[in-house]
> 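Dropping the structure in here first, questions after.
Order of appearance sets the numbers: ligands from 1, and atoms from 1 within every ligand. One-based numbering along the sequence shown.
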Amino acid sequence: MAASSKIMLLNGPNLNMLGVREPALYGTDTLDDIRANCLAKGAALGLQIDFRQSNSEGELVGWIQSARGDHGGIIINPAAYTHTSIAIMDALIAAELPVIELHLSNPLRREAFRRHSYVSEVARGVICGFGGHGYELAIDAMARIINDAGDGA
Ligand code: CA2
């Protein structure tokens with residue numbers, strides 16, 4: 001499959017707990033449910049979704065580095081690293097790929113410490129507040145970005 005049709009979809013710390021704890025904030029879907037929806041959405045759009053989750057900042061940085069030249073774009077829900085990780089921001093810059101930042105909740109409606117995102121500074125756009133459906137919206141948006149780039153736009 002061509003590099004541009006492979007999308008790295010990364011999930012940060014504690015998102016493996018989805019559906020098990022805090023359903024009022026993050027919904028009742030498990031990460032496996034979301035993964036299945038993403039793979040189906042990607043297949044419908046001719047995209048391969050490389051869906052991963054890690055609780056480790058270093059592992060996320062390594063995956064971002066490996067996407068360069070091998071994937072067409074990065075969709076990332078960095079979870080709490082959104083608000084703390086210059087390392088993830090730097091890796092995203094170095095990847096030289098379109099980045100979409102994604103959140104289940106709307107961090108701007110929550111505590112003040114969630115109002116700053118290092119990732120937003122390097123993302124093409126941000127999708128937040130739509131629960132698990134946001135993942136499908138992000139894949140749609142990335143498909144449009146990749147198709148437009150192929151058109152020479
Ligand atoms: O809304 C989002 O997607 C967040 O990225 C979720 C992060 C939070 O730190 C961000 O500000 C917004 C937290 C993820 C924790 O996920 C859990 C899931 C179930 C139970 C406990 C935590």
> Between the side chain of Ser85 and the main-chain N/O of Thr82, is any donor-acceptor distance below 3.5 Å?
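No, because the side chain of Ser85 does not come within donor-acceptor range (under 3.5 Å) of the backbone of Thr82.
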
> Which heavy atom of the protein is the closest neighbour of atom 13 (C) of ligand 1, given with residue, atom name and distance?
Tyr26 OH, 3.3 Å

> Looking at ligand 1, does Asn77 have a heavy atom less than 4.0 Å from it?
yes

> Is there a donor-acceptor pair closer than 3.5 Å between any side-chain N or O of Asn55 and the backbone N or O of Asn14?
yes

> Provide, to 0.1 Å, the distance between atom 11 (O) of ligand 1 and the closest protein heavy atom, together with that atom's residue and name.
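Going by distance alone, atom 11 (O) of ligand 1 is nearest to His83 NE2, 2.7 Å.
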
> Number the atoms of ligand 1 from 1 as they appear, then name those within less than 4.0 Å of a heavy atom of Arg21, with their elements.
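Counting from 1, the qualifying ligand atoms are 19 (C), 20 (C).
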
> Show the atoms of ligand 1 that are less than 4.0 angstrom away from any heavy atom in Ala80.
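By the 4.0 Å cutoff, the relevant atoms are 9 (O).
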
> Give the residue, atom name and distance (to 0.1 Å) of the protein heavy atom nearest atom 1 (O) of ligand 1.
Ser105 OG, 2.5 Å

> Among protein heavy atoms, which sits nearest to atom 9 (O) of ligand 1, and what does the distance come to when rounded to 0.1 Å?
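Result: Arg114 NH1, 2.8 Å.
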
> Judged by atom type as modelled, is there a donor-acceptor pair below 3.5 Å linking the side chain of Arg35 to the main-chain atoms of Phe51?
yes

> Hey, are Asn11 and Tyr135 close enough side-chain-wise for a donor-acceptor pair under 3.5 Å?
yes

> Residues in side-chain contact (heavy atoms from CB on, under 4.5 Å) with Ala36, at least two apart?
none

> Can you tell me which residue and heavy atom of the protein come closest to atom 14 (C) of ligand 1, and the distance to 0.1 Å?
Leu15 CD2, 3.8 Å

> Identify the closest protein heavy atom to atom 3 (O) of ligand 1: which residue and atom is it, and at what distance?
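Answer for atom 3 (O) of ligand 1: Leu104 N, 2.7 Å.
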
> Where is the nearest protein heavy atom to atom 16 (O) of ligand 1: which residue, which atom, and how far?
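Protein heavy atom at minimum distance: Asn14 O, 3.5 Å.
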
> Is any N or O atom of Glu22, backbone or side chain, closer than 3.5 Å to an N or O atom of ligand 1?
no

> Could you tell me if the side chain of Arg110 sits less than 4.5 Å from the side chain of Leu25, heavy atoms only?
yes

> Quick check on the hydrophobic clustering: are Ile75 and Val122 connected, directly or via other members, by side-chain heavy-atom contacts under 4.5 Å?
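No: no chain of side-chain contacts under 4.5 Å links Ile75 to Val122.
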
> List the closest protein heavy-atom neighbour of atom 12 (C) of ligand 1: residue, atom name, distance to the nearest 0.1 Å.
His103 ND1, 3.7 Å

> Assess whether side-chain contact (heavy atoms from CB on, under 4.5 Å) is satisfied between Arg124 and Val99, documenting all intermediate values.
CA-CA 6 Å; Arg124 186 75 69 92; Val99 173; 5.8 Å; no

